[in-house]
Amino acid sequence: MRPLIDAFSNLVARIRGLSYVDEATLKEIIREIQRILLRADVSADVVMSITKSIEERFEKEQPPRGISSKDYLIYLLYEELIKALGGEEAPNVDITKRPYKVMLIGVEGSGKTTSAAKLARFYMRRGFRVGLIETDVYRPGAYHQLRQLASSINALFYGEEDSRDPVAILRNGLEYMRRNKADLIIIDTAGRHRNEEELLKEARVIYEEAKPDEVMLVIDATVGKQAAAQTEAFMKYVPINSVFLTKMDSTSKAGGALTSVIKSGARIKFIGVGEGVDEIEVFDARRFVTRLLGMGDLETLVERIKAIEEEDKVMEEIEEGKLNLLTLKKHIDSMLKLGPLSKIMELLPTSMLPTQLRMLAMDEERLSNAQDMLRRWRYILDSMTKEELLNPEIINSSRIRRIAKGAGVSPKDVKDLLNYYQLMKRMVNEIKKSRRRLRFLGNLP
Ligand code: GDP
Ligand code: MG
């Protein structure tokens, strides 16, 4: 991981240092991204698809207002990496059904037994009663290994030291866990066999007996892009619901392991980042890429771009005439995030703005004043009822007094806000009218 983080943060620093992103620089940066990804064992086709998207989007898309082209390039890198790693959404690690059964499968040495204990620990910390069952009868130390791990974390454990029958152990183990009221049952399986075929067949037999709610495939990340072939082989025998990618801490091929598993269609849920039982993380592509690109302020950049996108959505709502105080609330949120960049500032003729807002538009030094006012407006909107937000017309003077009291402001502040709302409403109507006029003109022969 470390070399990958270093390579990407150097690249980001380099982009930041550019004064202008011209064609040649872009090509060079794209080549550098390719080099970094290939070195991380990401397969050539995935590398190409990531960099092609970045290049195309950079050429086609206009950076949002106020965002420099180099910042936008960094943002595109961030976005496309997240996409290649399975998307924005963090995996769902909630357990609702009880008892919930997870079966771990994977080749020998991939880290199943260690990961079983990590998972147990992860869910015990969330208040679940967890039981571990060892069904590996091939590896001599397996029984002791898991028993020892279970006792070190105080998890329930079931195994049979001298048995040669994994299915019998499983049956007894499930019964034991039921009696002991485990909420979560984690079933560890064998990884060593004479050949792959036999291993997969046994996984299938245990799967049919256990009827697990989730089959979690454990893969050693040091295999890099080979991880896809492994995933696909297992998928032929049992449905793979999630993947636990181990040893992320000790490989330079993490990128290849991650992208290839994702490309095979499996969902990575957890990653192992060390040998200890606490060295487990929920795999969250967004957080992962943020860390990879190595910048705290990336979050700020991304938030800003997302806020602009959010504001554009609100603008659409307004233009469609869906203006009420709820829309205004969303509006104020984006103004608070975007400051003088806010599109509303461009849209509203400054003469129509209340004094404080005019300051916001014209005098950046007094921005904090205006931000205070916006925040005050935010409190005001928060102390209104849903009904009032949707039908501002019903707000009479006694309601104004109540709202002012709730928000800890003066009634005048509430009136200012309502005036501003009326102003916007009038303006939106103007826009709509002129649209109609335009449309009418457009219909003339
Ligand atoms: P199994 O054969 O699939 O059950 O694999 P084990 O759980 O016995 O693990 C094999 C080896 O990998 C052990 O030495 C573990 O300590 C090590 N291991 C497992 N997960 C990780 C991890 O996330 N990081 C590191 N560095 N080592 C790990
Ligand atoms: Mg094992």
Side-chain angles (χ1 to χ4, degrees), residues 91 93 95 97-120 123 130-143 145-146 157-178 182 184-221 223 226-246 257 260-270 272:
V93 294
I95 288 174
K97 182 175 168 277
R98 293 187 197 192
Y100 188 85
K101 288 175 282 184
V102 177
M103 170 183 167
L104 296 182
I105 58 172
V107 299
E108 180 183 29
S110 58
K112 288 180 299 300
T113 307
T114 313
S115 302
K118 288 180 178 180
L119 276 176
Y123 283 104
V130 183
L132 291 157
I133 303 177
E134 182 56 75
T135 68
D136 183 353
V137 295
Y138 305 96
R139 187 176 184 165
Y143 167 86
Q145 188 191 355
L146 190 60
F157 171 77
Y158 188 87
E160 297 175 16
E161 194 175 2
D162 301 316
S163 169
R164 307 297 294 151
D165 181 356
V167 174
I169 300 177
L170 174 66
R171 248 179 240 148
N172 297 337
L174 288 174
E175 181 47 39
Y176 175 84
M177 294 304 165
R178 223 161 274 141
L184 170 65
I185 304 167
I186 299 167
I187 302 156
D188 189 20
T189 63
R192 184 197 299 191
H193 276 268
R194 260 167 300 155
N195 57 49
E196 193 185 81
E197 174 90 18
E198 255 182 65
L199 162 68
L200 292 167
K201 274 192 180 147
E202 185 180 295
R204 179 79 213 174
V205 171
I206 295 183
Y207 168 77
E208 275 162 10
E209 181 66 32
K211 299 191 180 58
D213 300 285
E214 179 172 344
V215 179
M216 192 179 287
L217 176 62
V218 179
I219 299 183
D220 177 341
V223 304
Q226 306 290 329
Q230 238 184 67
T231 311
E232 282 154 17
F234 277 98
M235 274 176 165
K236 284 198 194 108
Y237 284 80
V238 279
I240 305 296
N241 306 109
S242 58
V243 170
F244 193 132
L245 207 53
T246 64
S260 85
V261 169
I262 286 156
K263 223 182 138 222
S264 71
R267 183 72 159 124
I268 300 174
K269 237 184 185 181
F270 293 100

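- A 6.0 Å sphere centred on CD of E209 holds more than 12 heavy atoms belonging to other residues, nucleotides or ligands.
- Within the 4.5 Å cutoff, the side chain of Y158 has heavy atoms near those of the I169 side chain.
- Note: F157 and Y176 fail the aromatic proximity criterion, with ring centroids not under 6.0 Å apart.
- From I219, atom CD1 reaches atom OG of S264 across 7.0 Å, with rounding to the nearest 0.5 Å.
- Contact annotation: the side chain of I206 approaches that of L170 to within less than 4.5 Å [non-hydrogen atoms, C-beta and beyond].
- For R204, the side-chain hydrogen bond (donor to acceptor under 3.5 Å, both in side chains) partners two or more places apart in sequence, or in a different chain, are E208.
- Rounding to the nearest 0.5 angstrom, the gap separating the OG1 atom in T189 from the CD atom in E134 is 8.0 Å.
- Interatomic distance, M103 CE to I133 CD1, rounded to the nearest 0.5 Å: 11.5 Å.
- Contacts of Y100 classified as ring-ring contact (aromatic ring centres under 6.0 Å, His included), with partners at least two apart in sequence or in another chain: none.
- A distance of 9.0 Å separates CG of D213 from CD1 of I95, quoted to the nearest 0.5 Å.
- Residues satisfying the salt bridge (charged side-chain N to carboxylate O under 4.0 Å, His left out) test with E161, not counting sequence neighbours, are none.
- At a threshold of 4.5 Å between non-hydrogen side-chain atoms, the residues D136 and T113 do not count as touching.
- The closest side-chain heavy-atom distance from K118 to F270 is not below 4.5 Å.
- Here the straight-line distance linking atom OH of Y138 with atom CD of E202 works out to 4.0 Å at 0.5 Å rounding.
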Could you tabulate the donor-acceptor pairs under 3.5 Å formed by side-chain atoms of residues 233-245, not counting sequence neighbours?
{"unit_1": "Y237", "atom_1": "OH", "unit_2": "E197", "atom_2": "OE2", "d": "3.3"}
{"unit_1": "N241", "atom_1": "OD1", "unit_2": "V215", "atom_2": "N", "d": "2.7"}
{"unit_1": "S242", "atom_1": "OG", "unit_2": "E214", "atom_2": "OE2", "d": "2.6"}

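- Not counting sequence neighbours, K101 has no partner by the salt bridge (charged side-chain N to carboxylate O under 4.0 Å, His left out) test.
- The ring-ring contact (aromatic ring centres under 6.0 Å, His included) check on Y207 picks up nothing, with sequence neighbours excluded.
- Checked by atom type and distance alone, the side chain of K112 never pairs as donor or acceptor with a backbone atom of L104 at under 3.5 Å.
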